[in-house]
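Notes follow the structure.
Sequence positions, counted from 1, serve as the residue numbers for this chain.
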Amino acid sequence: MTALSASAVSIGLGVAAAMLPAAADEPVSGAAVFAGRCAVCHGPEASGIPGSFPSLHEQIVAIAKTPEGRDYLVMVVTTGLMGELKVGGATYSGVMPAQSGLSEEEIAAVLAYLASDRGKITAPPLAAADVTAARERHSDRSAQATRALRPALPGQ
């Protein structure tokens, strides 16, 4: 096996391992969910891609501070989002697909990870039961209904 193909196999196994579910006795890693599901569009550091995909830093941290904001974030992951969105003074117009393959635990873990600015700050806790409750409160599972839940942020 060449060094290049050995590296490719090693990288492939690392990516596959990051996407495997946690063992039943292990908590789900928000960082692993992010790396496996979100980083492809929002970048490995959640910084986004200017003009295409928004940064998830300040906006998620700010939105996650209120119960209404956490509901919005849960529904964005659940239903996806489409249309025009202003983030950090930039306007984005596109589609985020629903992440329907994620469990409540995985959604809670990835949103808690992002709400803590990737582990850099303390954020309000978010559990699988919170994800279930938010979904029950917002039975209209359309991307348009989710847009209407977006809280107003200063300067946006």
> What is the minimum heavy-atom distance between A64 and L73, and which atoms define it?
Replying inline: CB-CD1, 3.9 Å

> Is the side chain of S139 donor-acceptor paired with the backbone N or O of E136 at a distance under 3.5 Å, no angle test?
Replying inline: no

>> Suppose the criterion is salt bridge (charged side-chain N to carboxylate O under 4.0 Å, His left out): which pairs have a residue in residues 67-82, not counting sequence neighbours?
In response: D71-R137

> Got a sec, which residues hit side chain to side chain donor-acceptor pair (under 3.5 Å) with R141, two or more places apart in sequence or on another chain?
Replying inline: none

> How far apart are the C-alpha atoms of L85 and R150, what are their side-chain angles, what is the distance that settles it, and do they pass the side chain to side chain contact (heavy atoms under 4.5 Å, CB included) test?
Replying inline: CA-CA 10 Å; L85 185 68; R150 184 175 173 83; 3.4 Å; yes

>> List the residues meeting side-chain contact (heavy atoms from CB on, under 4.5 Å) with S100, not counting sequence neighbours, and say none if there are none.
In response: none

> Atom CD in Q99, atom CD1 in I107: separation rounded to 0.5 Å?
Replying inline: 8.5 Å

> Say you draw a straight line from CD of E106 to OG of S29; how long is it, rounded to the nearest 0.5 Å?
Replying inline: 10.5 Å

>> As an exercise, state the distance from CZ of R37 to CG of L102, rounded to the nearest 0.5 Å.
In response: 4.0 Å

Sequence neighbours left out, cut at 3.5 Å: what donor-acceptor pairs do the side chains of residues 39-56 make with other protein atoms?
residue: H42; atom: ND1; partner: P54; partner atom: O; Å: 2.9
residue: E45; atom: OE1; partner: R118; partner atom: NH1; Å: 2.7
residue: S47; atom: OG; partner: H57; partner atom: NE2; Å: 3.4
residue: S55; atom: OG; partner: A46; partner atom: O; Å: 3.4
residue: S55; atom: OG; partner: H57; partner atom: N; Å: 3.2

> What's the shortest heavy-atom distance between A112 and L126, and which atoms?
Replying inline: N-CD2, 4.3 Å

>> Going by side-chain hydrogen bond (donor to acceptor under 3.5 Å, both in side chains), name the pairs with one or both residues in residues 122-135, residues two or more places apart or in two chains.
In response: T78-R135, E104-R135

> Once you round to the nearest 0.5 Å, how far does CD1 of I60 lie from NZ of K65?
Replying inline: 12.5 Å

> Looking at V33, V77, I63, which hits side-chain contact (heavy atoms from CB on, under 4.5 Å) with L111?
Replying inline: V77

> With hydrophobic residues grouped by side-chain heavy-atom distances under 4.5 Å, do F34 and V61 end up in a single group?
Replying inline: no

> So which heavy atom on P151 is nearest to which on G69, and how close?
Replying inline: CG-CA, 4.1 Å

> Of all heavy-atom pairs between E84 and T91, which one has the smallest distance, and what is that distance?
Replying inline: CG-CG2, 3.2 Å

>> So which atom in S116 and which in Y113 form the shortest heavy-atom distance, rounded to 0.1 Å?
In response: OG-O, 2.8 Å

>> For a quick test of reading the model, state the closest non-hydrogen atom pair linking V28 to A109 and the distance between them.
In response: O-CB, 3.6 Å

> Got a sec, which residues hit side-chain contact (heavy atoms from CB on, under 4.5 Å) with V76, two or more places apart in sequence or on another chain?
Replying inline: Y72, L81, M96, T146

